Amino acid sequence: MSEEKSLNFIEEIIEEGIASGKYKTIVTRFPPEPNGYLHMGHATSICLNFGLTKKYPGYTNLRFDDTNPITEDTEYVESIKEDIKWLGFEWKNELYASDYFDELYNYAVQLINKGLAYVDDLTSEEIATYKGTPTQPGKDSPYRNRTVAENLSLFEKMKAGEFEDGSKTLRAKIDMAHTNMLMRDPLIYRIKHAHHHRTGNKWCIYPMYDFAHGQSDSIEHITHSICTLEFIPHRELYDWFIEKLEIYPSHQYEFARRNLSYTVMSKRKLLQLVNEKHVNGWDDPRMPTISGMRRRGFTASSIRKFCDTIGIAKRDNVTDFSLLEFCLREDLNNTALRAMAVLDPIKLVITNYPENATEELLSENGPDEMQGKRTVPFSKELWIEREDFLEVPIKKWFRLAPGASVRLKSAYIVTCTGFDKDAHGNITTIYCTYHPDSKSGGDHSGLTVKGTIHWVSVAHAATAEVRLYDRLFKVENPSNEEGDFKDYINPGSLQIIKAYIEPSLLSASIDKRYQFLRKGYFCVDKESTADKLVFNRTVTLKDTWGGNAKK
RNA sequence: UGGGUUAUGGUGUAAUGGUAGCACAACAGAUUUUGAUUCUGUUUGUCUAGGUUCGAAUCCUGGUAACCCAACCA
């Protein structure tokens with residue numbers, strides 16, 4: 001019974017390191033930039049980094065990579081912390097790259113002293129020109145050979161605010177003809193007279209990513225600095241700084257970012273959707289953001305399960321959204337409370353049921369008996385789903401049709417005796433007779449039916465707004481299509497309807513999940529009030545009949 | 001005509017020279033007071049051409065394809 005799950009390539013590296021005695025414990029970090037909300041791509045990284053230190057001895061830091069004050073904000077810091085906690089992870093230390101600005105400044109001075117950095121006066125356009133192209137070498141800046149003393153003095157003045165934004169930079173002195181573009185004298189400090197969300201106006205020079213990330217890792221003694229594939233070329237620079245600065249040798253490892261079909265997963269694109277109002281904010285339930293998915297009704301455990309299932313590797317990928325839905329349904333099926341709601345109502349009248357009578361029927365709250373039962377009021381007039389009746393039944397039709405019988409869930413078997421139509425040919429009312437001895441739980445009618453449908457008593461029904469969500473994009477990979485990704489937005493991704501709900505749902509709670517029988521999983525939206533209940537459809541039930549109907 | 005990374009069913013991921021496995025999806029059947037759940041089964045794969053070997057997804061050689069790198073973003 002040794003069912004051992006195989007290791008991913010990072011776990012292999014860790015186990016080798018532990019086996020060889022390179023380290024006994026590991027330290028990882030999750031390093032978001034506080035300039036946007038976390039999305040499913042980040043969830044993978046969070047599950048990876050925090051998961052590794054759950055599996056192996058060690059801990060994980062949360063470190064905000066806040067080296068660009070122009071785009072960063074505390075609003076994002078708060079949302080990021082909330083999302084990580086909600087996903088079920090705890091960081092050891094809450095840290096900020098900005099905590100290290102003094103140390104980083106000193107590192108820069110060290111490089112200057114070693115003749116490995118210089119102040120450059122070239123404009124950004126000139127720097128780009130001097131840099132060359134991937135196929136052509138760059139050329140040295142005319143300021144490249146300033147003396148150490150001159151560089152020291154200039155850098156000091158940069159810090160003191162004596163120069164305007166963009167007028168000078170500090171660059172590492174490496175090799176302008178290097179095949180790796182990142183090694184062609186990369187910028188390490190730039191001037192930005194901007195207010196920083198944590199250091200205020202103390203600084204007017206800020207380190208670049210490459211001169212902050214690796215050094216921060218090193219200061220924190222991160223053993224495994226895990227990032228995505230596009231940072232592979234940065235690793236050479238990462239190692240170069242550590243070597244020249246003679247600081248703790250953290251190592252960078254890269255894995256392929258996880259993509260999900262029918263959505264986009266870049267902060268830039270998500271920001272566009274928000275700013276151009278294609279969605280209603282970062283936590284719109286259609287967004288692949290953690291906050292959006294939480295609002296939609298996804299559970300943290302289903303997201304963790306999903307991340308665990310898709311694994312990590314180094315090749316480009318697009319995971320089927322249906323796998324995420326599978327993990328969700330698997331979780332919700334066990335935990336969601338059952339209730340009945342009719343989303344597209346049509347009236348059903350039981351002609352032989354007594355006028356003004358009401359019965360309180362028992363119905364199970366879920367598959368687990370521990371979830372108990374609730375009562376549901378039943379009466380002569382019911383709302384049922386319009387799609388559960390067909391005037392002319394198709395093959396293998398289990399539901400209502402003239403002369404056909406179905407079980408009303410937790411109630412009686414009814415047989416259709418007729419229906420009304422309006423002038424446009426729309427069916428307005430369905431008439432049935434019920435079989436009194438077929439009552440759920442004590443059925444001795446001897447009748448058997450193939451179909452069971454849900455219902456809500458007209459006299460007892462409450463109403464709610466229900467928001468039906470569908471995939472945000474019409475195509476699997478919007479970023480790979482011709483033209484703008486926004487051309488592929490699914491215009492029907494949100495449908496708002498009014499539904500009749502059973503009265504027990506009046507006390508639905510925002511922290512619970514519900515299965516509206518046969519219709520899907522739903523949750524209370526944050527905009528819901530006592531006067532106006534609002535439900536979000538998290539996901540439909542799996543439907544193996546829909547396809548058959550077309551055949 | 002530079003450098004780097006990656007190629008296993010429709011999708012994701014295993015197999016570390018020895019039976020190509022698992023999950024999702026799809027399809028078929030059984031059970032079902034949710035056409036859900038549960039259970040059973042089926043279809044589909046090693047980028048390509050050579051080579052080494054008793055034996056290659058794995059090692060070697062040559063192709064091919066995809067992705068990344070020329071922000072004072074991270």
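Model, not experiment: these values are computed from the prediction.
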Answer with base, sugar-phosphate or nothing: what part of the nucleic acid does [X] contact at a heavy-atom distance below 4.0 Å?
X        : result
A:Ile70  : nothing
A:Ile232 : sugar-phosphate
A:Gln515 : base
A:Val449 : nothing
A:Ile310 : sugar-phosphate
A:His234 : base
A:Gly138 : nothing
A:Ser410 : base

Ring center gap for [X] and [Y] short of 6.0 angstrom:
X        : Y        : value
A:Phe64  : A:Tyr96  : yes
A:His196 : A:Phe101 : yes
A:Phe473 : A:Tyr262 : no
A:Tyr238 : A:His234 : no

Notebook entry, point to check: In the 5'-to-3' direction, what one-character label does each nucleotide of nucleotides 18-25 of chain B receive under the scheme B = base within less than 4.0 Å of a protein heavy atom, S = sugar-phosphate only, - = no such atom?
Noted result: ------SS
If the [atom1] atom of [N] is compared with that of [M], how far apart are they to the nearest Å?
N      : M      : atom1 : value
B:rU48 : B:rC54 : C1'   : 26 Å
B:rC69 : B:rU13 : C1'   : 28 Å
B:rA23 : B:rC47 : P     : 22 Å
B:rG50 : B:rG45 : C1'   : 22 Å
B:rU52 : B:rG12 : C1'   : 33 Å
B:rU46 : B:rA14 : C1'   : 13 Å
B:rU58 : B:rA20 : C1'   : 11 Å
B:rU33 : B:rA28 : P     : 23 Å

So which nucleotide does [N] pair with, by the Watson-Crick or G-U wobble rule with both distances under 3.5 Å?
N      : answer
B:rU46 : none
B:rU58 : none
B:rA23 : B:rU11
B:rC72 : none
B:rA30 : B:rU38
B:rU53 : none

Note to self: Can you tell me which residue among A:Arg537, A:Gln515, A:Arg329 is in a side chain to side chain donor-acceptor pair (under 3.5 Å) with A:Tyr521?
What the structure shows: A:Gln515
Has the side chain of [X] got a donor or acceptor atom sitting under 3.5 Å from an opposite partner on the base of [N]?
X        : N      : result
A:Arg258 : B:rG12 : no
A:Ser440 : B:rU33 : yes
A:Arg407 : B:rU33 : yes

Checklist line | Toward the 5' end of RNA chain B, by each residue's nearest nucleotide, A:Glu476 or A:Leu408 | finding: A:Glu476
Item checked: Salt-bridge contact A:Asp121-A:Lys168 (side-chain N to carboxylate O under 4.0 Å) -> yes
Item checked: Salt bridge flag under 4.0 Å for residues A:Arg144 and A:Asp185 -> yes
Check: Cation-pi between A:Lys314 and A:Phe255: NZ/CZ under 6.0 Å from ring centre and within 45° of the ring axis?
Finding: no
When you measure from the side chain of [X], which nucleotide among [options] comes out closest?
X        : options                : result
A:Asn317 : B:rU13, B:rG35, B:rU34 : B:rU13
A:Arg338 : B:rG12, B:rU34, B:rA7  : B:rU34
A:Asn68  : B:rU34, B:rA14, B:rA74 : B:rA74
A:Lys314 : B:rC73, B:rA14, B:rU6  : B:rU6

Can you see if the side chain of [X] gets near the phosphate of [N] - specifically, an N or O under 4.0 Å from OP1 or OP2?
X        : N      : answer
A:Thr67  : B:rA74 : yes
A:Arg518 : B:rG35 : yes
A:Arg257 : B:rG12 : no

Margin query: Main chain of A:Tyr412, side chain of A:Ser438: is a donor-acceptor contact present, judged purely on distance under 3.5 Å?
Written below: no
Next item on the list: Verify, without hydrogens or angle tests, whether A:Glu385 (side chain) and A:Pro345 (backbone) share a donor-acceptor contact under 3.5 angstrom.
Entry: no
Nucleotide N/O to protein N/O under 3.5 Å, stretch nucleotides 67-72 of chain B:
unit_1, atom_1, unit_2, atom_2, d
B:rC67, O4', A:Asp316, OD2, 3.1
B:rC72, N3, A:Gly166, O, 3.4
B:rC72, N4, A:Leu122, O, 3.4
B:rC72, N4, A:Gly166, O, 2.5

Check: Does the ring of A:Trp545 meet both stacking tests against the six-membered base ring of B:rG35: centre distance under 5.5 Å and plane angle under 30°?
Finding: yes
Next item on the list: Enter the distance from A:His42:NE2 to A:Asp83:CG here, rounded to the nearest 0.5 Å.
Entry: 10.0 Å
Next item on the list: Report the relative orientation of the aromatic rings in A:Tyr105 and A:Phe155; use parallel for angles under 30°, tilted for 30 to 60°, perpendicular for over 60°.
Entry: parallel
